[in-house]
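Everything quoted here is computed from the prediction, not taken from an experiment.
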Amino acid sequence: MHCPFCRHSDSRVIDSRTADDGTAIRRRRQCPECGKRFTTAESVTITVLKRNGVTESFSRAKVTDGVRKACQGRPVSDDDLAVLARSVEETVRASGCAEIASHDVGMAILGPLRDLDEIAYLRFASVYRAFTSLEDFESEISLLRAERDLSTTSAT
């Protein structure tokens, strides 16, 4: 790590702490040459591989923006979207892969979105899974009803 003040090629770590809910490490460093202190932040970058072959860094904001469109007009708050995006990021990080397909990110969105709002889930799934007919919607609605029936019978 180069010193930002004198450009010396080495520095000494004085203190390390986790940051951003444990997804990053904040390090306090000191330059042995000039003695000045500075802070660095280290985080693991997850790369998303899109269908067209382009790669980009994973972004919670991009997840939130995509889901927000599906939630338009629904009783879903910005806080709900932030929790969903954090859940998706945790799922993606838990995979242990440095690169993940955009399809897998979409799959990680579907579960929490279904729990949050079924209508928004259907909207998102219809685009994500490229529904082409009413039968696609009907089969997905049937699955939702079956899952709901299972959860209500097991809760009683």
Is [X] salt-bridged to [Y], cutoff N-O under 4.0 Å?
X: Arg114; Y: Glu147; result: yes
X: Glu89; Y: Arg93; result: yes
X: Asp78; Y: Arg68; result: yes

Atom [atom1] of [X] and atom [atom2] of [Y]: how far apart are they, to the nearest 0.5 Å?
X: Cys34; Y: Arg7; atom1: SG; atom2: CZ; answer: 11.5 Å
X: Ile46; Y: Ser95; atom1: CD1; atom2: OG; answer: 6.5 Å
X: Ser77; Y: Leu116; atom1: OG; atom2: CG; answer: 8.0 Å
X: Glu33; Y: Cys3; atom1: CD; atom2: SG; answer: 9.0 Å
X: Leu49; Y: Cys97; atom1: CG; atom2: SG; answer: 12.0 Å

How close do [X] and [Y] get, counting heavy atoms only, and between which atoms?
X: Pro112; Y: Leu84; result: C-CD1, 3.7 Å
X: Thr64; Y: Ala85; result: OG1-CB, 3.4 Å
X: Phe137; Y: Ser126; result: CZ-CB, 3.4 Å
X: Arg51; Y: Ser102; result: N-OG, 3.9 Å
X: Ala120; Y: Cys71; result: CB-SG, 3.6 Å

May I ask you to test the [X]-[Y] pair for a side-chain heavy-atom distance under 4.5 Å?
X: His8; Y: His2; answer: no
X: Phe58; Y: Val63; answer: yes
X: Pro75; Y: Asp117; answer: yes

Could you state whether [X] and [Y] fall into the same hydrophobic cluster, counting links through intermediate Ile, Leu, Val, Met, Phe, Trp or Tyr residues with side-chain heavy atoms under 4.5 angstrom apart?
X: Ile119; Y: Val67; result: no
X: Met107; Y: Tyr121; result: yes
X: Phe131; Y: Tyr128; result: no

Short side-chain to backbone donor-acceptor contact, [X] and [Y], under 3.5 Å:
X: Asp104; Y: Ile100; result: no
X: Ser87; Y: Val83; result: no
X: Asp65; Y: Lys62; result: no

Exercise: do Arg27 and Thr39 side chains pair donor with acceptor under 3.5 Å: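 No, no side-chain donor-acceptor contact under 3.5 Å.
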
Member of Arg37, Gln30, Arg28 meeting the side-chain contact (heavy atoms from CB on, under 4.5 Å) criterion with Asp15: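 Answer to the side-chain contact (heavy atoms from CB on, under 4.5 Å) test with Asp15 among Arg37, Gln30, Arg28: Arg28.
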
Candidates Ile109, Leu110, Leu113 - the one meeting side-chain contact (heavy atoms from CB on, under 4.5 Å) with Val88: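 Testing Val88 for a side-chain contact (heavy atoms from CB on, under 4.5 Å) against Ile109, Leu110, Leu113 leaves exactly one candidate, Ile109.
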
Audit row: Glu42, Arg29, salt bridge (charged side-chain N to carboxylate O under 4.0 Å, His left out) steps and yes/no: CA-CA 13 Å; Glu42 300 173 16; Arg29 297 176 176 269; 3.3 Å; yes

From CA spacing to verdict: side chain to side chain contact (heavy atoms under 4.5 Å, CB included), Ser57, Thr47: CA-CA 5 Å; Ser57 294; Thr47 305; 5.6 Å; no

side-chain hydrogen bond (donor to acceptor under 3.5 Å, both in side chains) between Ser16 and Arg26, worked out: CA-CA 6 Å; Ser16 292; Arg26 180 187 167 275; over 6 Å; no

Side chain to side chain contact (heavy atoms under 4.5 Å, CB included) assessment of Arg74 paired with Arg123: CA-CA 11 Å; Arg74 301 296 304 155; Arg123 289 175 178 171; 3.8 Å; yes

Mutual orientation of the aromatic rings belonging to Phe5 and Phe38 [parallel < 30°, tilted 30-60°, perpendicular > 60°]: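 The arrangement is perpendicular - the two ring planes meet at more than 60°.
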
Lys50/Thr55 under side chain to side chain contact (heavy atoms under 4.5 Å, CB included): CA gap, chis, key distance, verdict: CA-CA 6 Å; Lys50 300 179 98 175; Thr55 60; over 6 Å; no

Full working for side chain to side chain contact (heavy atoms under 4.5 Å, CB included) between Arg129 and Phe124: CA-CA 8 Å; Arg129 292 185 178 157; Phe124 189 86; over 6 Å; no

More than 12 heavy atoms from other groups under 6.0 Å of CZ on Arg145: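 No.
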
